[in-house]
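Here is the naming used below: chain letters follow the sequence lines, and residue numbers restart at 1 for every chain. The figures here come from the full heavy-atom set of this structure, side chains too, leaving out hydrogens, waters and symmetry mates.
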Amino acid sequence: MNIKNIKSEFPIFKQKINGKNLIYLDSANSSQKPKTVINEISSFYETEFSNVGRSVHTLAVKATNRFEETRDVVRSYINAKHREEIIFTKGATEAINLVAHSYGEKFIKSGDEIILTELEHHSNYVPWHYLREKKGAVIKFAPVDINGEINVDEFKKLITNKTKIIAFTHISNVTGTIMPVKKITDLAKSKNIPVLIDGTQGAQHLSIDIQDLDCDFYAFSCHKMYGPNGLGILYVKKKWIDELPPYQGGGGMISEVKKDNITYADSPTKFEAGTMQTAEVVAFAKSIKFLKDLGIKNIENHESDVLEYGLEQLRKNNSVKIIGNPKERASIISFTMKGIHPHDIATILDDEGVAIRAGHHCCQILHDKLGIPASARASIGLYNNKEDIDVLCEAINKCKKVFEV
Amino acid sequence: MNIKNIKSEFPIFKQKINGKNLIYLDSANSSQKPKTVINEISSFYETEFSNVGRSVHTLAVKATNRFEETRDVVRSYINAKHREEIIFTKGATEAINLVAHSYGEKFIKSGDEIILTELEHHSNYVPWHYLREKKGAVIKFAPVDINGEINVDEFKKLITNKTKIIAFTHISNVTGTIMPVKKITDLAKSKNIPVLIDGTQGAQHLSIDIQDLDCDFYAFSCHKMYGPNGLGILYVKKKWIDELPPYQGGGGMISEVKKDNITYADSPTKFEAGTMQTAEVVAFAKSIKFLKDLGIKNIENHESDVLEYGLEQLRKNNSVKIIGNPKERASIISFTMKGIHPHDIATILDDEGVAIRAGHHCCQILHDKLGIPASARASIGLYNNKEDIDVLCEAINKCKKVFEV
Amino acid sequence: MDLKDLYQEIILDHAKNPRNRGKCEGYNHDAKAHNPLCGDKVHIYLKLDEEKNISGLSFEGEGCAISLASASILTDTLKGRDLNFSKKITDDFLNMLKNKKKITLNSLSEDQITTISSLSGVQEFPMRIKCATMAWHTLMSALDKKNN
Amino acid sequence: MDLKDLYQEIILDHAKNPRNRGKCEGYNHDAKAHNPLCGDKVHIYLKLDEEKNISGLSFEGEGCAISLASASILTDTLKGRDLNFSKKITDDFLNMLKNKKKITLNSLSEDQITTISSLSGVQEFPMRIKCATMAWHTLMSALDKKNN
Ligand SMILES: Cc1ncc(COP(=O)(O)O)c(C=O)c1O
Ligand SMILES: Cc1ncc(COP(=O)(O)O)c(C=O)c1O
C-alpha cells in the first residue's frame, strides 16, 4: 500500500460526481472508508455476528472476543496504559456528554468555573452549557488571536481556584490550529485541574501518545478516522474510572439490581450501557490497522505536503481569504470569497465534483468572533493529493466566473 | 420470498457451529441480519457515504435524503402521525435514558412516583433509579403473577396523584408475556399520566400502530428487528416534542449558539446531537422492507406456530420447567432444568450448534421474584422453524445425559 | 442539474442588488428565521393596511445568493398586493419548488412570472431549497402573528 | 473443543457433591464475588492460623457446574496448606487456564494434580473461564483483606 495511489483502496472514488471525478475535501466532516473496513462489517455480520458479552454460545464468544480485541487495539494505538481506560461511545459528542455529565454531576457546583476556548466545536460547549444552566457553573472562553492560535498564557489568566475543568480541542476543525496541548496539560496539572481534550480532529492526523499528553479525558470519533459511523472513543484516565458515576443506565453496566438499590460493574462496562455497536467496533480495528500499515508519520507528512501546497495556491488567489494562520496547522483550510457566499461556493464546487463544507462548521462562537456568518472549508484526508488541490483551485475560479467577481 | 425457507436470506446460516448447523435461538438478544441489510451497509459506504445534514455537496445531499427517508419509513411502519416524532438513538437503552433524563429533569420532583413492573429489563429500571437517587422519586413495581402476567388492576392499585409516569415493557424478554398495553394506556390516560412503552421485544413480533396504542413514548432497538446494531428508535408523541429539553448536546441540535446562551433546533434534530449512524439508519429501511415483504402478520403466525410447538415439546420433558404461562405470549421460552445450571445447558446446547442465552437476561428483579439465579432462554426469530425446535429438544436430552439426571 | 439554471442572471442581479432591504416604514408585522446549518438569516417586515393590503414590505438578512434573491424577489412581487393574493402566490411558489408546478397566475405580469420562476432551478438542488423558501415561510409566519 | 474435556467425571462429582460448603468454624478471612452476567456467586471463608496455615477453608455459593466444582476443588486442595504454598498453587491454576501450563507442583499428590487438572478443559471454552477462576480470585482477595 502506497499513499500516493491510496484512492484505489476507497471504493467511493469509483463514483463520478456530475460526470467528474470525486474530489473529496470534506474529511473533517466525515472521512471515507477503505474497503477493508467496509468488508469487515459485512463479513462480521455474515459469519460471526452475535450480541457481545451476554451469551456463552460459540458466536457470542467469537463476537465478544473480537469486540474486546478492538479495545486492546485502540489502547495500544493511543498508548493508553490500561484497557479499562478505553470506553466505546456513540461518538465524540456522546463521549464529551458523558464526561460533562458524570464528572459535572459529582464535582461541579454553583460558581465553579469551566474553561473552554473560542475554537470549540459545539459538542465541546453545549454539554458544559447544560452544567451552567443546571448547576450555575461559569464558562470562560480562552480567546483566539488573529492567527487562530491560543497562547497558553490565555489559559493561565483564566485559571482561578474555582476552575474545575479545562476542555479544549486538539485541532481546530475550522482553522486547523494544532493546540499546544502539552503546555496546557502541564499548566493544568500544576494547578491540579483535570483536562479534557476533544481529539475529534486529532487522532486521524497525528500520532497520539496519551500518556505523554497526560490528559484526564480524550474524546474522538471513529468515523473521522476512516472507520464506521456511530462509534466514538472516550479515554478516561485510570484515576477517574472509579470516581465517576455511570452515565446511561441499562443492561450490562450493572453488578447487582435489587428493588431498592443498584450497584454497578467496573469500567469499561460501567460506562457501556445497552447493546453496543458490535460490528462497528469490530471493524474499527481494521481502520487502525489501515492507519498503521500506512504509517501515521507517513500520513502526517503526506497531508502536510498537500496542505502546504493548498495554502500556497489559495494564497495566490486575490478573491480568497484564508481563515487563520497558525504556525502549527493540520489538514484544514477554511476560507471566504469576496462577494460569494460559502453556500454558493460549495454548490459551484460540487458541480465540478469537489466536495467541501460551507457553514459555521458547528463553531458559531468562532465565526461570531471573526465577524462572518459562514465559511467554506476544504479539509484534507490521507487520500487527497496535489492534483485535488489543482481541481479545487480551478473550481474556485469558476465561482468567480459565475458570480462575475 | 417465503418464510418457510427464509434462512437462505441470512448469510449467517451458512456457518457450521462445531460441525453442526447453526440453530440460532437467541434472537431476543440480537437478531441475525438478512443479506439485503448487510449489502445496503456496504453499498452505502461504497457509493453514497457522506455526513448527513451538514454539507451541500452531492454525496451529502444523497446521504441526507436517504437518512431522512428512513425516518419516513419508520414513521409509516409504526403508523406515527408526524415524522418529527421519530428520533434516532443508539438503541432502546439510550431512548429510555433520553426520556428518563429529559422528562424526569423537568417533571419529576422529590416524592413523585414512577410505576414500573417486575418484568422490566434493566434498561427500563436503571434510568429511573437515577431519578430516585438524584431527585428522591419513588419507584413502585407492579407485581407479576405466577403465570408471568400483570393485570391492569395492579397498575390501578399503584396509581396515586403523585404518579408521574408509567413505564413498562411491551413484551417480556423472559416470559414472552404480551402486556395488555391498550388497557394500561387507557387507564393512564384517564388519569392524565404519561406512558412509556419499552417496545424492544415488541416491534419485531407484532404490528405496531402507535396511534392506536396511544402511548407517549415508545422505545425500540433496530438490532432486534433484523437491522443494524448501534441504532434505536424513540417515538415521542407530538405534544412532548417542544416540552422536553434536549438530551445530549453537540453539533446539529442547536439553533443559535452565543457565549452566554444557546437555543435549540426543533425535533427531531434537537434530540439527535452529533454525527449520527448514517449507514445504519439508511440500512434499517431495508430491514423494514424485509419485514413488510414477508408480512408482519405472516411472521406473527409463523412464529406463533413454532412457539406453540416448542412449548408443547418442552412440556413433555419432565426435567424442564418453563417459566411463566401467560395467555398472550410471543416467541420466547425461558426454562430451567433440575440439577443442571443454565450456564451448563447453554454450553452443551452450543456443542450441538444450538445458540441460546443463559443468565438473568438483564431481569434480576424477575429472577429474584422467581427465586432462581438464572434461566435458559430459547427465543424464536422469523427464521426459526419446527425442525429447530426438534434439534433443541434433542440437545436438551443430551444435557440430561451429560449430567446423568 | 445545471448550474446555469440555478444562478440565472435575474437571480444574481437580485442577490447583488437586493430590493427593499431594511425596515419598511410603519411596519406592523414582522418575523425572522434562521438556518443553523449555513447561518442564513432573514427578517421580514411588512405593513398590512386596513384593506388587508400589504402596503409596505421589506427584509433584512444575510445569506447565500439564493436566499437573498428569493427575499428580494418576494418583496418586489408582493409589495402592494392584497393579503389573500399574497398567500396564494406563496403557496404557488412553494408548490413550484416542491412539486415542480409552473407558476401561471393571471394577475402577475409576465415579467413577474419570469422573475419568480427564475428560482425554479433550485428544484434540482435539494440542499438549497431551504435557501429559496425561507423568506416565504417567514412571510407567512409574519402574517400569522398578531400586529406588533 | 470437546464437551467431555469440560464435564469430566471428577468435575461432575464435585459439582453435585461440593466439598466444604458452608462457613468454616472460626474463619477470620472471607471475600465474595459475583458474576452479573450469569448470576454465579461465591463466598470464600478461611481461617488463617498464627503459623500462616489455612487451617479452615470453605465456601458458599451457587452457580454452574464449573464454578461449583472449582470452588469445591479449591477448598479440598488448599485446606491445611500454608499461605505461600496456596498462593503459588493459585498462580499455577490461573496460569493453567490462561497459558495452558501444566500443573506439576511436587508437594501435591498425584491425585490432587489430577483433580485440579480436570479443570484444564475449560481452556477451550473461553466464556466459561470466569466460572472456573472466580473462586480462586476470591480466595486471593480474602487473603488480601485484613482479619475480620
Ligand atoms: C473538533 C470537533 N469536536 C467534536 C466533533 C463532534 O464529533 P461527532 O459529531 O462525531 O460526535 C467534531 C465533528 O463534528 C469536531 O470536528
Ligand atoms: C425488553 C428489553 N428492553 C430493553 C432492552 C435494551 O435494548 P438495547 O440493549 O438494544 O438498548 C432489551 C434488550 O436487551 C430488552 O429485551
(request) For chain A, find which of B:Tyr264, B:Trp128, B:Phe13 contributes the most heavy-atom pairs closer than 4.5 angstrom. (result) B:Tyr264
(message) I'd like to know which of A:Gly91, A:Pro246, A:Gly353 tops the heavy-atom pair count under 4.5 Å against chain B.
(response) A:Pro246
(request) Find the one option among B:Ile356, B:Leu22, B:Ile139, B:Ile41 whose heavy-atom pairs under 4.5 Å with chain A are most numerous. (result) B:Ile356
(message) Looking at chain B, which one of A:Asn124, A:Asn261, A:Leu349 has the largest number of heavy-atom pairs inside 4.5 Å, strictly under?
(response) A:Asn261
(message) I need the A:Tyr45 OH to B:Asn229 CG distance, nearest 0.5 Å.
(response) 4.5 Å
(message) Taking side chain as everything from C-beta outward and backbone as N, CA, C, O, which of these in A:Thr278 sits under 4.5 Å from a heavy atom of chain B? Side chain, backbone, both or neither.
(response) both
(message) I'd like to know which of B:Met276, B:Lys134, B:Glu48, B:His101 tops the heavy-atom pair count under 4.5 Å against chain A.
(response) B:Lys134
(message) Less than 4.5 Å to any heavy atom of chain B: does that hold for the side chain of A:Phe10, its backbone, both, or neither?
(response) neither
(request) Quick one: which of B:Gly274, B:Ala60, B:Ala279 has the most heavy-atom pairs under 4.5 Å with chain A, could you say? (result) B:Gly274
(request) Search all heavy atoms of B:Val56 against all heavy atoms of A:Ala346 and return the closest pair with its distance. (result) CG2-CB, 3.3 Å
(request) Check each atom of A:Leu116 against the heavy atoms of chain B and say whether the ones under 4.5 Å are side chain, backbone, both or neither. (result) neither
(request) Would you mind checking which part of B:Ser31 comes under 4.5 Å of any heavy atom in chain A, side chain (CB onward), backbone (N, CA, C, O), both or neither? (result) backbone
(request) Can you tell which part of B:Ala355 gets under 4.5 Å to a heavy atom of chain A, answering side chain, backbone, both or neither? (result) both
(message) At a 4.5 Å cut-off on heavy atoms, which part of A:Glu118 comes close to chain B: side chain, backbone, both, or neither?
(response) side chain
(request) Please flag which part of A:Ile12 lies under 4.5 Å from any non-hydrogen atom of chain B: side chain, backbone, both or neither. (result) both
(message) Is it true that A:Ser50 and B:Asp26 share a donor-acceptor pair across their side chains at a distance under 3.5 Å?
(response) no
(request) With a 4.5 angstrom heavy-atom cut-off, could you sort out which part of A:Ile262 is near chain B: side chain, backbone, both or neither? (result) both
(message) Let me confirm one number: the CD-CG distance from B:Gln15 to A:Leu59, rounded to the nearest 0.5 Å.
(response) 7.0 Å
(request) Find out whether B:Asn18 and A:Thr58 are in side-chain contact, i.e. whether some heavy atom of one side chain is under 4.5 Å from a heavy atom of the other. (result) yes
(request) May I ask you to name which of A:His343, A:Arg377, A:Lys224 has the most heavy-atom pairs under 4.5 Å with chain B? (result) A:His343
(request) Determine the minimum heavy-atom distance between A:Gln364 and B:Val257, stating which atoms define it. (result) OE1-N, 3.2 Å
(request) Enter the distance from A:Glu133:CD to B:Glu105:CD here, rounded to the nearest 0.5 Å. (result) 11.5 Å
(message) Once you measure the plane-to-plane angle for A:Tyr24 and B:His57, does it fall in the parallel (<30°), tilted (30-60°) or perpendicular (>60°) bin?
(response) perpendicular
(message) What part of A:Phe49 gets within 4.5 angstrom of chain B, counting heavy atoms only: side chain, backbone, both, or neither?
(response) both
(request) Counting only heavy atoms closer than 4.5 Å, note whether B:Asn29 contacts chain A via side chain, backbone, both or neither. (result) both
(request) Against chain A, work out which of B:Ile96, B:Thr275, B:Val37 has the most heavy-atom pairs shorter than 4.5 Å and name it. (result) B:Thr275
(message) Rounded at 0.5 Å granularity, tell me how far OG in A:Ser55 sits from NE2 in B:His361.
(response) 8.5 Å
(message) Please classify the contact between A:Lys16 and chain B as side chain, backbone, both or neither, with a heavy-atom cut-off of under 4.5 Å.
(response) neither
(request) Flag the one option from B:Leu231, B:Val354, B:Thr47 with the top tally of heavy-atom pairs under 4.5 Å to chain A. (result) B:Thr47
(request) Please check if atom NZ in A:Lys14 has more than 12 non-hydrogen atoms from other residues, nucleotides or ligands closer than 6.0 Å. (result) no
(request) Might you point out which heavy atoms bring B:Ser30 and A:Asn51 nearest each other, and give the distance in Å? (result) CB-CB, 3.9 Å
(request) Quick one: which of A:Lys90, A:Gln248, A:Arg132, A:Gln277 has the most heavy-atom pairs under 4.5 Å with chain B, could you say? (result) A:Gln248
(message) Between A:Val61 and B:Asp350, is there a side-chain heavy-atom distance shorter than 4.5 Å?
(response) no
(request) Using a cut-off of under 4.5 Å on heavy-atom pairs, state which of A:Thr347, A:Leu98, A:Ile365 scores highest against chain B. (result) A:Ile365
(message) Looking at B:Glu46 and A:Lys35, is any side-chain nitrogen of the basic one under 4.0 Å from a carboxylate oxygen of the acidic one?
(response) no
(request) With the side chain counted from C-beta on, respond yes when B:Tyr247 and A:Asn97 share a heavy-atom pair under 4.5 Å apart, and no when they do not. (result) no
(request) Please report the shortest heavy-atom distance between A:Cys362 and B:Gly251, naming the atom on each side. (result) SG-CA, 3.7 Å
(message) Is A:Asp260 in contact with chain B via its backbone, its side chain, both, or neither, using a 4.5 Å heavy-atom distance?
(response) backbone
(message) If I measure from the heavy atoms of chain B, does A:Lys33 come under 4.5 Å with its side chain, its backbone, both, or neither?
(response) side chain
(request) Determine the option with the most heavy-atom pairs under 4.5 angstrom with chain B, choosing from A:Asp368, A:Asn39, A:Val281, A:Thr93. (result) A:Thr93
(request) Would you please name every residue forming a side-chain hydrogen bond (donor to acceptor under 3.5 Å, both in side chains) with A:Ser123, sequence neighbours left out? (result) A:His121
(message) Determine whether a donor-acceptor pair (N or O, by modelled atom type, separation under 3.5 Å) exists between the side chain of B:Tyr125 and the backbone of A:Gly249.
(response) no
(request) Heavy-atom distances under 4.5 Å only: say whether B:Pro245 touches chain A with side chain, backbone, both or neither. (result) neither
(request) Answer with side chain, backbone, both or neither: which region of A:Ala273 has an atom nearer than 4.5 Å to a non-hydrogen atom of chain B? (result) both
(request) Could you tell me which residues satisfy side-chain hydrogen bond (donor to acceptor under 3.5 Å, both in side chains) with B:Gln32, sequence neighbours excluded, listed by chain and number? (result) none
(request) Identify the heavy atoms of B:Ile38 and A:Ser42 that sit nearest to each other, and give their distance. (result) CG2-CA, 3.7 Å
